[in-house]
Asks: 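I'd like to ask some things about the structure below.
Note on naming: letters A, B, ... go to the chains in the order of the sequence lines (proteins, then strands), and numbering restarts at 1 for each one.
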Amino acid sequence: MIAPRSIANASSTRPSMNRALVVLLIVCWLVVAAQLPYSLHGAGILALLALVGLDALLGIMTGWLAFQPTSRLDERQRALRDRAYRMAFRLVGAGVVLMLGLYIVGVILDSILNAGPSPSTSDGFSARTILALVELLIITPTGVVAWLLRSDSEPADWRPARWLPLLAVPAVALVWVAAVLSAPMQSTVVARTPDTGFMMGGATCGHFEGVKRVAAGFGGAARLEAEVCWNGQQAFAFGDPTLPRPASIHPEEFSMPIPGLTSCATLPLDTDFGRVVEQCTGTIDTDGTLHLVLRARVSPLPGGAGSREVQIRLVVTRDGKLVAFD
Amino acid sequence: MTTGSLRPSHPLFAIDRVAVALVIVLIGFGALVWLEVVDGAFLYLLFLLATAFVVRTVEVEPGAWLGVRLVRRGLVVVLTLITLDLLTMHTTDFVNVGIALLVLLALGDVALGRATRRLATADEDRIDERQEAMRNRAHRIAYAILATSVGLTVVVAEVATPESRRWLSDVLNGGAIVTFIQLLFFSPAMVIAWIEPDRIADEDGPRMHRDLQTRVAYGMVTLAVALPLLMSLSLAVAPVRVSAFTRPEPALLSPSGERTDPCTYFYARAQAGIGLGARIPLTAVACWNGTTAYEQWGLNASDCVQSVAELATLTTIECRRATASDGSLHFTYRTLLRSPILPFVSREVVMTLDLTKDGKVVQFP
């Protein structure tokens, strides 16, 4: 069986080039998967595009051997491809375990460096984790093929058509821009009342967690955590002394800040794909009802272009009735 | 085209060894964290690992039944159904029926290893070229299944709607992890079992010798299967172990200089079942003043959620505090423990505190 020219030409690439690309890909993947630095501060799209570019380059260099149907390969290429898949299978397992280990390290470092409990809205993976997992699944066989290929004396194929897959980079960038500008925002709210993990004398408390994501998290996210207590006279947010103090609570009891309990701040991973600025305002009206409003500006694009305003509103009455949380 | 070494040697830091080492470190780390609470489960896990290690060293032959392709395919279908069932299982269901499915899955995987002679993970020097080609092909097919199922499920669930994100989060706390592990470690063997043709007896390799090592391995597998059943039965048969003590609470002075009412600190812990069961604590301070006995802390509904179940389901039937007309304090904490493997095996555990208005402890625990 004759292999297509694109695959035959794959062997003409110098091995050092292939392996350098693989090493570069691993470094990029580690940056995404390791969650270190904690936040990419809006540069997540650059990491995504770098990975797509490297994937395309590796695919070109290997003649897309890993994705070729069996009928288009000769016996040796088939053997190489199948062997690469077996090695890739183990690498994916090792990669997932590594991601889990790095996640645990990240959580430990986060708890050491950012004192106090972290917000805990548990609704799936972060965009960065999804990117790392999908990248691992898609490109590992091709990476193994690229690593195993050795050089021969054939000259490289520099025909322009061979490099067309690199257009995937601007295509992905365009899809991302369209998504962050026009995709509907996704909102998740969780109310835990009463909150069995927090007690306050003479009052009942509940924990409220809300997050709104732009482009399913691939454009940034705004987040609100609030421990709201009520005592029949007033409802109030506890743990953040900058929020209004209820008249029915002693000033000393209210002045103690508890990091993470009530917080108008993003998690580090929320800002991987977009810069986020948050501000909270709270009022307790004459009925004793708490109105807590989070306003955030999420800017996925540089220079603030295409910014989206996000608002999360929480209203709780003095007897603990949840009026609004959206 | 030439390639790098297609038949690699076995270096000390081979990727599979590193992966196994990482898994062991993670399991060990988790086990150390949970050692205090789940000692029985931890010991059982250790025994399972030892069994897997011993079984791995014994050569296997599929036998007449598992040599038939139709039977092997039936086994693959059963394993797939169990895997899918675990995928859709939420946390609560997983605790209730997941354990039984896990035991079934483990048994199926043992049979799968026997049916395929563990070809998927065999050392290079134990297989011939035809077997290696088939194994590599099986890995390619299994990789496509793994990447498509895991990748698509995760991406669609994450991106589609907030509800799908929550579903993903929920199943990750349930049986989805087991599904992923099953796909990662056993899908190549499942593909081999599916694609390999009917095997003629003694076609590949010598008949298995039933030496001492083989007998030990089979004994360990039998024990590994029987232990959860025995542990379930212990829930009903073994006596409930109770440890308890009381001590007087130091008297305090009120802001006006008067001594507060006398109080007693009560501590009790009931432990039911061996390896599978629960620890039910009761910790409280109760006081009295000659007119009435009353709770200071620890005798509320929120205090009836402190029990730690170990491979068992635990339901609070009653958590009630009452003050009688004679001023005495009565507190009852009643729980029902049920084995997830043998659901008809259950045990009721009752903790009681009866304290009179003049501080006499009538019953505890």
Asks: Listed by chain and number, what are the ring-ring contact (aromatic ring centres under 6.0 Å, His included) partners of A:F218, not counting sequence neighbours?
Replies: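 For A:F218, the residues satisfying ring-ring contact (aromatic ring centres under 6.0 Å, His included) (neighbours in sequence not counted) are A:F273.
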Asks: Please look at B:L152 and chain A and tell me whether the side chain, the backbone, both or neither of the residue comes under 4.5 angstrom of a heavy atom of that chain.
Replies: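 Neither part.
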Asks: Checking B:S187 against chain A: side chain, backbone, both or neither under 4.5 Å from a heavy atom?
Replies: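 Just its side chain gets close to chain A.
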Asks: So which part of A:V96 gets closer than 4.5 Å to some heavy atom of chain B, the side chain, the backbone, both or neither?
Replies: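 Only the side chain of A:V96 comes within 4.5 Å of chain B.
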Asks: Any side-chain heavy atom of B:E132 within less than 4.5 Å of one from A:R83?
Replies: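 Result yes, sub-4.5 Å side-chain heavy-atom pair found.
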Asks: Could you tell me the separation between the CZ atom of A:R213 and the CZ atom of B:R165, rounded to the nearest 0.5 Å?
Replies: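 These two atoms lie 3.5 Å from each other.
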Asks: Where do A:Q186 and B:E158 come nearest, in terms of heavy atoms and distance?
Replies: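 In terms of heavy atoms, the two residues are closest at OE1-O, 4.0 Å.
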Asks: For atom OH of B:Y294, decide whether the heavy atoms of other residues, nucleotides or ligands shown that lie under 6.0 angstrom number more than 12.
Replies: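 It does: B:Y294 OH has more than 12 such atoms within range.
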Asks: Quick check on the interface: out of A:G217, A:P141, A:G95, A:A66, who has the most heavy-atom pairs with chain B under 4.5 Å?
Replies: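 Going by pairs under 4.5 Å, I would pick A:P141.
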Asks: Hey, could you give me the OH/CZ distance between A:Y85 and B:R137, rounded to the nearest 0.5 Å?
Replies: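 The distance works out to 14.0 Å.
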Asks: Measuring from atom CZ of A:F89 to atom CG of B:N136, what distance do you get when rounded to the nearest 0.5 angstrom?
Replies: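 It comes to 12.5 Å.
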Asks: Which of these, A:L137, A:I130, A:V134, sits in a side-chain contact (heavy atoms from CB on, under 4.5 Å) with B:V154?
Replies: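 When side-chain contact (heavy atoms from CB on, under 4.5 Å) is applied between B:V154 and each of A:L137, A:I130, A:V134, only A:I130 qualifies.
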Asks: Would you check, one step at a time, whether the test salt bridge (charged side-chain N to carboxylate O under 4.0 Å, His left out) holds for A:D82 with B:R140?
Replies: CA-CA 6 Å; A:D82 289 358; B:R140 180 169 58 81; 2.7 Å; yes
Asks: Run the ring-ring contact (aromatic ring centres under 6.0 Å, His included) test against A:F208 and tell me which residues pass, sequence neighbours left out.
Replies: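 Partners of A:F208 under the ring-ring contact (aromatic ring centres under 6.0 Å, His included) test: A:F325.
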Asks: Side chain, backbone, both or neither: which part of B:L168 has a non-hydrogen atom closer than 4.5 Å to chain A?
Replies: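 When you check distances to chain A, only side chain atoms of B:L168 fall under 4.5 Å.
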Asks: Checking heavy atoms, do the side chain of B:A157, its backbone, both or neither come under 4.5 Å from chain A?
Replies: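 Neither part; nothing is under 4.5 Å.
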Asks: Can you tell which part of A:A127 gets under 4.5 Å to a heavy atom of chain B, answering side chain, backbone, both or neither?
Replies: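 No part of A:A127 comes within 4.5 Å of chain B.
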